[in-house]
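Reading through the structure tokens given below for one structure.
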Protein chains: 2
Amino acid sequence: MGSVHNFVSLPSRPQSPSIPDTCVNCTARSLTICASLNPQEQAEVAAVATELVFKPRQIIFHEGDEAAFVYNITSGSVALSKSMADGRRQITGFLGPGDFLGFNARASHSVSAETLTDVHVCRFPRRAFHELLARIPPLEHRLLTVATTELEAAQDQILLLGRKTAMERISTFLLMQIERAKARGGVANPLILPMTRAEVGDYLGLTIETVSRCFTKLRKSNVISLLSADRVCINAPEALSALADASD
Amino acid sequence: MGSVHNFVSLPSRPQSPSIPDTCVNCTARSLTICASLNPQEQAEVAAVATELVFKPRQIIFHEGDEAAFVYNITSGSVALSKSMADGRRQITGFLGPGDFLGFNARASHSVSAETLTDVHVCRFPRRAFHELLARIPPLEHRLLTVATTELEAAQDQILLLGRKTAMERISTFLLMQIERAKARGGVANPLILPMTRAEVGDYLGLTIETVSRCFTKLRKSNVISLLSADRVCINAPEALSALADASD
DNA sequence: CGACCCCTTGAGGCTTCTCAAAATCCGTGG
DNA sequence: CCACGGATTTTGAGAAGCCTCAAGGGGTCG
């Protein structure tokens, strides 16, 4: 079926406990979107969903593009970013499985979305998705919870960018990645960073060089060890917490 | 009835076109929350609402407090902020009529809310508000729209804090205030800033001194004039746009 | 084995912050 | 109406943190 196939097949066997490997993404989608929906509602959602697969460093959509689709990530990591005319870029957040992409109040995307890893998404035509929301209150409820949670994360990021030093930003970032890995049930030590130094910098409002210097400083004070550029051993999480800020 | 009274009286006359002056806030609330609700739904909302009045510089709730209530602003301006242990403060946003306060996914407030002006709010017990959401889909829909819009504003703020210079931040801020004044139907020139230099600084991730120096520089280049510290004449809006960033 | 990309390290400069003091505004009271 | 006191804003000088520019190191893949 290639890299794109329809989901209509999923709800045709809603009580099947074991789902074939080839449909593992259906499972993921079902878990993240449909958990509280009844079979008929799940069918309605699946009827308008298309699955897409992206390779690393692919653009899903670009800032300013017409927001024709809403996406839900079933696997992988995605970076959202905004750019200025002279090339300065700010990553506004990293998203993972279960997160929604491209759900806008306006008709155009306010950010760009680029994959960091292999990514599977469910894609919904915008109009159909909004109709679903109107018809299925639990879906709207879930989206509201997601949006509220993202808003709180954005406020944390605003505090970080507005008031924290480079060292505090890096420490906060590492702690955040540890929590994320734990929440996903992954290994938290050594921590795997799916993003480059440039992306870390663009996320934290720093340059590559400053990011690198902070990593080096943490390494030389034995708070972390670097197995490789993207594999970080956390030797002293409590020191990281102290560096990130005693308050908050 | 003092500064606190219940709203149950409002929906008892839903078809009354003229509402007494003493109930002007009911009107505002009705417009902002209940626009798309039928009379019975409006009654349900009003039944759990309490109106509160705050003076300038009062704390509505503090970061970390139990999120016992959800608020909707009917008039005035409110600043949301987060603080660090050593006193560094970051204002995450300014809210006005129609905006919701304290609607959290978690049980505690993630930010503090402080009034800038005289403020009227509708207050809802958290539990009752969530029950309303479950019972009245249009209310949930409106909240989702609001949350999505705020998320987009937060992303703009993240770009500003992560990548813009002091001058760009101030210019962006002034343009934002102009838009806000226009959207509210107020006078955009001279622009009235309800916040102090300290609050502008805490919003833009700058110090008071840097904010003041930028205002002075804009004044000396005739882009703006200062009638007083909080009354700004915009002489060259196009120059502000250019300074804010040619892209975006 | 070599080319390329990413990361690290170094030196110097610039923007913004810090600390300090003067000026202005505003409400209060004579 | 003017004088006073406190708070806010403005201005100045110097310091610091981060950025810019530049070069070197290390890993990966063909």
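Basis for what follows: all heavy atoms, side chains included, without hydrogens, waters or symmetry-related copies. Chain identifiers are assigned alphabetically (A, B, ...) following the order of the sequence lines, protein sequences preceding nucleic acid strands; residue numbering begins at 1 within each chain.
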Specify the separation, in whole Å, of atom [atom1] of [X] and atom [atom2] of [N].
X: Leu206(A); N: dG17(D); atom1: CG; atom2: P; result: 14 Å
X: Ile208(A); N: dC19(D); atom1: CD1; atom2: P; result: 11 Å
X: Glu209(A); N: dA11(C); atom1: CD; atom2: C1'; result: 13 Å
X: Arg231(A); N: dC7(C); atom1: CZ; atom2: P; result: 16 Å
X: Ile224(A); N: dC7(C); atom1: CD1; atom2: P; result: 14 Å
X: Leu161(B); N: dT15(C); atom1: CG; atom2: P; result: 19 Å
X: Phe215(A); N: dC7(C); atom1: CZ; atom2: P; result: 10 Å
X: Lys217(A); N: dT9(C); atom1: NZ; atom2: P; result: 13 Å

task = For Ser228(B) and for Ser212(A), find the nucleotide of DNA chain C with the closest heavy atom, then tell me which residue's nucleotide is more 5'.
result =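 On the 5' side of the pair lies Ser212(A).
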Position toward the 5' end of DNA chain C (nearest nucleotide), Arg197(A) or Arg163(A) =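 Nearest-nucleotide comparison on DNA chain C picks Arg197(A).
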key: Ring center gap for Phe69(B) and Phe61(B) short of 6.0 angstrom   =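 Distance test on ring centres: not under 6.0 Å, no.
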inquiry  = If you only use heavy atoms from C-beta on, which nucleotide in dT9(D), dT9(C), dC18(D) is closest to the side chain of Ala229(B)?
reply    =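 Among dT9(D), dT9(C), dC18(D), the one nearest the side chain of Ala229(B) is dT9(D).
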inquiry  = Taking the minimum atom-to-atom distance to the side chain of Thr216(A), which one of dT9(D), dC7(C), dT8(C) wins?
reply    =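 Within the option list, the nearest is dT8(C).
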message = So, taking the atom named OG in Ser75(B) and the one named CZ in Phe54(B), what distance separates them when rounded to the nearest 0.5 Å?
response =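 Answer rounded to 0.5 Å: 11.5 Å.
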request  = For dC17(C), take OP1 and OP2 only and decide whether either is under 4.0 Å from a side-chain N or O of Thr207(B).
outcome  =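 Answer is yes, contact under 4.0 Å.
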task = For dT16(C), take OP1 and OP2 only and decide whether either is under 4.0 Å from a side-chain N or O of Thr210(B).
result =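 So the side chain of Thr210(B) is outside the cut-off, no N or O lying under 4.0 Å from OP1 or OP2 of dT16(C).
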Give one of base, sugar-phosphate or nothing for [X], where a contact means two heavy atoms less than 4.0 Å apart.
X: Arg88(B); value: nothing
X: Gly205(B); value: sugar-phosphate
X: Leu226(B); value: sugar-phosphate

ask   = Phe215(A) ring centre to Arg197(A) NZ or CZ under 6.0 Å, with the angle to the axis within 45°?
value =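 Flagged: Arg197(A) positioned over aromatic ring of Phe215(A).
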query = Side chains of Ile158(B) and Gln90(A): closer than 4.5 Å at any heavy-atom pair?
reply =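 In contact.
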ask   = Does any N or O donor sit under 3.5 Å from an N or O acceptor when you compare the side chain of Arg213(A) with the base of dT20(D)?
value =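 Per atom types, the contact qualifies.
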message = Under 4.0 Å between a side-chain nitrogen and a carboxylate oxygen: does that hold for Arg57(A) and Glu199(A)?
response =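 Yes, Arg57(A) and Glu199(A) are salt-bridged.
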